[in-house]
Every structure is written in C-alpha cells, then in structure tokens.
Amino acid sequence: MKLKYLITVAACFGMLLFSCGGDKGNKKFNPEDRTTSKMSDDERMAAIAQKKAELTIDPYVMMTSNDVKLSVMPPTPQGDLNEGLSEKIAVKMLQIIAQNGIGGLNTVPGFALTATLTEGEKKTTGTAPQKMVAQYTINYSVINTVTGDVYATASQDITGVGNSFPQATRNAINEIKNSPAIQQMLSTGSEKIISWFNDNVETFKGQVEAAYEKGDYALAISLIESVPQKSTAAFEYAQGRRKDINEKFLNSIASQELVALKQAIQESGNNPSAEVYAHLKLLPQGSPQFEEASKLIEKYENDVQIKTAQDNADAKVKAELDAQRAQEVELANIEAERLKAKYQAKATEQALRQRMREKDDKDRGFWGNLGARIIGAIDGVTDGDGYDDDK
C-alpha cells in the first residue's frame with residue numbers, strides 16, 4: 001500500500017484535442033483522441049501537478065468531518081462501462097463531493113449521491129484517421145436511502161474520443177468534473193439532509209439503537225458519524241453515544257486486527273510501517289489483544305532499531321530513518337481511519353442493499369463489497385490505473 005496516496009488522490013489526464021465547426025467555414029468534426037506524445041515531460045508533470053491540486057481527497061478529513069456526508073453509488077456496469085470504469089466514476093464522485101465540502105467514504109447508510117449513465121450518440125468521424133466518438137449523459141441525485149426521497153438532481157453531458165468505443169468511453173469519463181449545476185445540487189441536498197436530522201431525531205436514534213442492539217456496531221458507528229454538526233440535537237445525541245459504541249466496535253474487530261497487525265509486522269521487513277501502528281490504534285486499550293500487540297510492537301521497534309544500526313552506520317542516514325519512522329507513526333492516524341472505513345463500508349453496503357433492493361437484484365456481483373472496492377480504488381486511480389489512453 002502506498003501511504004503517500006492516502007493524503008493526496010490525484011488523477012492524471014492526457015489532453016483531449018479536437019476541432020469542431022458548425023456552419024462556419026464548413027469545417028468537419030475531426031477530433032483526436034488523447035495521447036501523451038503531444039506533451040513534453042515538463043508539460044506532463046505540470047498537468048499532473050495541476051490535477052493533484054484540483055482533485056485532492058484527504059481520507060482523514062472525509063472520515064472525520066462534522067459536515068454533511070454522503071455515500072456514492074456509481075452507475076451499474078453495462079455495455080462499454082465495465083466495473084473498473086464504474087469504480088473510477090465513484091472515485092470522481094468522491095472527488096467532487098470533497099471539493100464541495102462534503103465528507104464520507106461510502107460509510108454513510110442514510111444518504112447517497114447516485115449516478116446513472118445514459119448512452120447518447122456513438123459515431124465515427126468522417127475524416128482520416130477515423131476515430132470513435134461516444135457521448136453520454138450522467139444523471140446525479142442526492143437521495144435519502146431510508147425514505148427514497150430525492151433531494152436534488154443534476155446532469156452532465158460528457159464526450160470521449162478514441163481508437164475504439166471502449167477507449168472513447170474511458171476518455172469520456174475523464175471529462176467528469178465539478179460544475180455549477182452539481183454545486184447547486186449538493187448545496188440543496190445538504191440543506192435537506194440537515195433538515196431531515198433536525199426533524200427526525202427520534203427516528204435517527206431508533207436506527208442507531210436498533211443497530212446497537214443487534215450487535216452491528218460498525219453500522220451504529222457509521223450512523224453516528226454521519227450526523228452533521230449543524231443538526232444540533234441529533235449531533236449531541238451522537239456525541240453522547242460515540243464513546244460506548246466505538247468501544248463496542250473496536251472490541252468486535254480486535255481479534256481480526258491483531259491478526260492483521262502480526263501480518264503487517266511480518267511484511268514490514270523490520271522497516272518503519274504506518275500500517276503496523278494503524279492496526280494497533282484499532283485495538284481497544286486494556287484488551288487481551290492490545291496487551292499481546294504491545295509486546296509484539298516492542299519487539300518490532302527493537303528489530304527496526306537493530307536493522308537501522310546494521311544497515312546504516314552513517315549517523316545522518318540513521319537520523320533520516322528515525323524521522324521516517326516518526327512520520328509513519330503520524331500517518332498511522334490516516335491509515336487507521338482507512339481500515340476502520342472498510343469495516344463501516346461493509347456494514348453500510350448491507351444497509352443500502354436492503355433499502356435499495358433493485359440494485360442488488362439487478363447486478364449482485366457488482367454491488368457486492370462495492371464500498372470497500374471504492375476505498376481501494378482511490379489508490380488504483382492515483383497509481384494511474386485507467387488513464388493510459390493509448391492502450
């Protein structure tokens with residue numbers, strides 16, 4: 001796992017170059033597909049840096065924000081839209097809501113941003129070299145998954161060009177971006193979500209307590225962490241229940257996290273690892289698992305020091321590695337939230353599937369474990385997956 005990608009999630013786009021003329025000059029539509037060969041190395045790096053600045057997702061903020069939160073539900077795969085591209089749309093949806101001050105990493109059972117993809121015209125250009133053009137409309141909705149109410153909608157037209165229709169579809173998805181219409185939709189949806197919590201405090205309490213009584217602590221913690229601070233009464237209730245529910249949640253995953261910690265130590269190669277400390281943070285203090293883990297951490301840290309001393313006699317290099325180790329401990333907060341999010345995403349997905357049976361029935365394979373896959377897809381997109389438009 002590349003932890004640097006936990007702080008910044010960026011998508012690297014190529015350039016979409018085309019000329020389009022109407023009656024002016026009788027120019028024919030002659031688009032060109034994306035290609036990296038038209039950009040110098042400096043231009044490409046500048047484009048990457050710009051996209052990183054534009055499309056940042058901080059998962060720690062997305063998880064811990066006290067503002068409105070949403071889960072995202074991307075289009076179901078069909079035609080040229082495969083599962084990977086659908087998950088890529090989900091990440092772009094997360095990027096957009098982050099830009100609008102909304103949190104959530106598919107850990108919000110009650111409210112979601114949904115998207116459907118409607119295929120428009122698909123055609124070939126009339127001039128050589130011939131290219132494929134795919135046009136789509138994305139329809140977004142902010143919904144209350146419990147009541148089925150649609151709070152706000154928006155749409156966006158996207159067009160992609162490529163050497164094939166699947167490539168054109170991929171390039172069209174690259175054009176998904178924030179827009180005034182989406183901003184207005186999210187603003188309206190946020191206001192209505194806040195109002196729902198204000199008007200339905202007892203209903204919300206009942207949801208939390210029902211999950212708690214069933215022992216579904218991951219769902220209960222997802223519910224209380226989804227309340228916006230502006231919904232004062234519901235937020236105060238959630239804060240009052242947070243400690244007890246979180247303790248129950250951590251105890252319920254303690255055995256799994258101890259196993260994961262042991263594996264992370266083994267895979268670290270006696271190098272500093274944020275993942276090791278992240279699993280430790282998910283163990284409740286005073287539990288048998290925490291006590292065992294503490295002994296393992298003590299030995300692990302001693303082994304790291306020995307390896308550092310053996311491999312790096314140079315004091316300056318050793319100091320740099322010590323600083324790296326300190327940084328990994330700090331990054332463990334972010335990684336711990338990510339690990340916690342996967343538990344919550346699984347519980348959230350089950351709740352969403354119960355409330356929106358048509359999606360489960362339409363494509364069980366795709367919707368199974370979707371939340372965790374979306375969280376994992378963040379690193380995949382950052383690594384450049386899906387952005388090599390020449391293939």
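None of the values given here were measured: they were computed from a predicted structure. These numbers come from the heavy atoms of this one structure, side chains and all, not from hydrogens, waters or symmetry mates.
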Counting distance only, does the side-chain N/O of Asn200 pair as donor-acceptor with the main-chain N or O of Thr203 below 3.5 Å? no

Passes side-chain contact (heavy atoms from CB on, under 4.5 Å), Val72 versus Leu105? Steps please. CA-CA 8 Å; Val72 297; Leu105 286 178; over 6 Å; no

For Ser86 and Pro75, indicate whether the former's side chain and the latter's backbone hold a donor-acceptor pair under 3.5 Å. yes

Heavy-atom check, side chain of Pro228 versus side chain of Val68, under 4.5 Å: yes

Report yes if the side chains of Ile193 and Leu70 come closer than 4.5 Å at any heavy-atom pair, otherwise no. yes

Any heavy-atom pair between the side chains of Ser179 and Ile182 that's under 4.5 Å? yes

Check: Glu121 side chain, Gln135 main-chain N or O, donor-acceptor pair, under 3.5 Å: no

Looking at Glu298, I want to see if its CD is surrounded by more than 12 non-hydrogen atoms of other residues, nucleotides or ligands under 6.0 Å. no

Search all heavy atoms of Thr107 against all heavy atoms of Ala345 and return the closest pair with its distance. CG2-N, 3.8 Å

Give the C-alpha distance, both sets of side-chain angles, the deciding distance and a yes or no for side-chain contact (heavy atoms from CB on, under 4.5 Å) between Asn333 and Lys281. CA-CA 8 Å; Asn333 288 326; Lys281 285 180 176 293; 3.1 Å; yes

Tell me, do Leu296 and Val276 make a side-chain contact under 4.5 Å, heavy atoms counted? no

Shared hydrophobic cluster, Met132 / Leu117 (ILVMFWY, side-chain heavy atoms < 4.5 Å): no

Find the distance between OG (Ser190) and CE (Met185) and round it off to the nearest 0.5 Å. 9.5 Å

Check this for me: does any side-chain nitrogen of one of Glu191 and Lys230 sit under 4.0 Å from a carboxylate oxygen of the other? no

What pair of heavy atoms forms the shortest contact from Ala218 to Ala347, and how long is it? CB-CB, 3.8 Å

Heavy atoms of Asn139 and Ser155 approach each other most closely as OD1-CB, 3.4 Å

Is it possible for you to check whether Arg241 lies under 6.0 Å from the centre of the six-membered ring of Tyr212, through NZ or CZ, and within 45° of that ring's axis? yes

Decide, yes or no, whether a salt bridge links Glu275 with Arg338 under the criterion of side-chain N to carboxylate O below 4.0 Å. no

Between Thr188 and Gln184, is the side chain to side chain donor-acceptor pair (under 3.5 Å) condition met? List the steps. CA-CA 6 Å; Thr188 300; Gln184 182 59 53; 3.1 Å; yes

Where do Ser268 and Ser273 come nearest, in terms of heavy atoms and distance? CB-CB, 4.1 Å

Heavy-atom distance under 4.5 Å between the side chains of Glu291 and Gln285, does that happen here? no

Same hydrophobic cluster for Val201 and Val208, using side-chain heavy-atom links shorter than 4.5 Å among ILVMFWY? no

Ser222 side chain to Gln344 side chain, donor-acceptor N/O pair below 3.5 angstrom: yes

Is a side-chain N or O of Lys205 found less than 3.5 angstrom from the main chain of Tyr237, in a donor-acceptor match? no

Is a donor from one side chain sitting under 3.5 angstrom from an acceptor on the other, for Asn106 and Ser71? no

If you group Ile, Leu, Val, Met, Phe, Trp and Tyr whenever their side-chain heavy atoms sit less than 4.5 Å apart, what else falls in with Val259? none

What distance do Leu258 atom CG and Leu283 atom CG have between them, rounded to the nearest 0.5 Å? 6.5 Å

Side chains of Gln305 and Glu301, donor plus acceptor under 3.5 Å: no

Does Asn100 use its side chain to pair, donor to acceptor, with the backbone of Ile102 at less than 3.5 Å? no

CD/Gln156 to CG/Asn178 distance, rounded to the nearest 0.5 angstrom? 8.5 Å

Main-chain N/O of Phe290 paired to Ser287 side chain as donor or acceptor, under 3.5 Å: yes

Start with the C-alpha gap between Glu257 and Lys340, add the side-chain angles, then the distance that decides, and say whether salt bridge (charged side-chain N to carboxylate O under 4.0 Å, His left out) holds. CA-CA 10 Å; Glu257 286 303 304; Lys340 178 182 173 185; over 6 Å; no

Between Leu339 and Leu282, is a side-chain contact (heavy atoms from CB on, under 4.5 Å) present by the stated rule, with each step listed? CA-CA 9 Å; Leu339 295 173; Leu282 293 182; 3.7 Å; yes

Classify the angle between the aromatic ring planes of Phe111 and Phe197 as parallel (below 30°), tilted (30 to 60°) or perpendicular (above 60°). tilted

Hey, is the main chain of Val161 close enough, under 3.5 Å, to the side chain of Asn171 for a donor-acceptor pair? yes

Considering non-hydrogen atoms only, spot the tightest contact between Val150 and Ile143 and give its length. CG2-CG2, 4.1 Å

Roughly how far apart are Ile221 CD1 and Thr348 OG1, rounded to 0.5 Å? 11.5 Å

Crowding at CD, Gln266 (>12 non-hydrogen neighbours, <6.0 Å): no

Reported CG-to-CD distance for the pair Leu219 and Glu349, which is rounded to 0.5 angstrom: 12.0 Å

Side-chain donor/acceptor of Ser226 to backbone N/O of Leu223, under 3.5 Å: yes

Measure the CE-CD1 distance between Met93 and Ile176 for me, rounded to the nearest 0.5 Å. 8.5 Å

Looking at Val227 and Ala238, what are the two nearest heavy atoms and their distance? CG2-CB, 4.1 Å

Does Gln239 reach the main-chain N or O of Phe235 with its side chain, forming a donor-acceptor pair under 3.5 Å? no

Any chance the side chains of Asn174 and Lys88 put a donor and an acceptor closer than 3.5 Å? yes

Run the side-chain contact (heavy atoms from CB on, under 4.5 Å) check on Tyr300 and Tyr277 step by step: do they pass? CA-CA 11 Å; Tyr300 160 71; Tyr277 294 103; 3.8 Å; yes

Say whether, by atom type as modelled, one donor and one acceptor occur between the side chain of Asn251 and the main chain of Glu247 under 3.5 angstrom. yes

May I have all residue pairs that pass ring pair (Phe, Tyr, Trp, His ring centres under 6.0 Å) and include part of residues 134-184, sequence neighbours excluded? none

Applying salt bridge (charged side-chain N to carboxylate O under 4.0 Å, His left out), run through Lys69 and Glu225 and close with a yes or a no. CA-CA 9 Å; Lys69 294 181 183 179; Glu225 289 185 352; 5.0 Å; no

More than 12 non-hydrogen atoms from neighbouring residues, nucleotides or ligands closer than 6.0 Å to NZ on Lys122, yes or no? yes

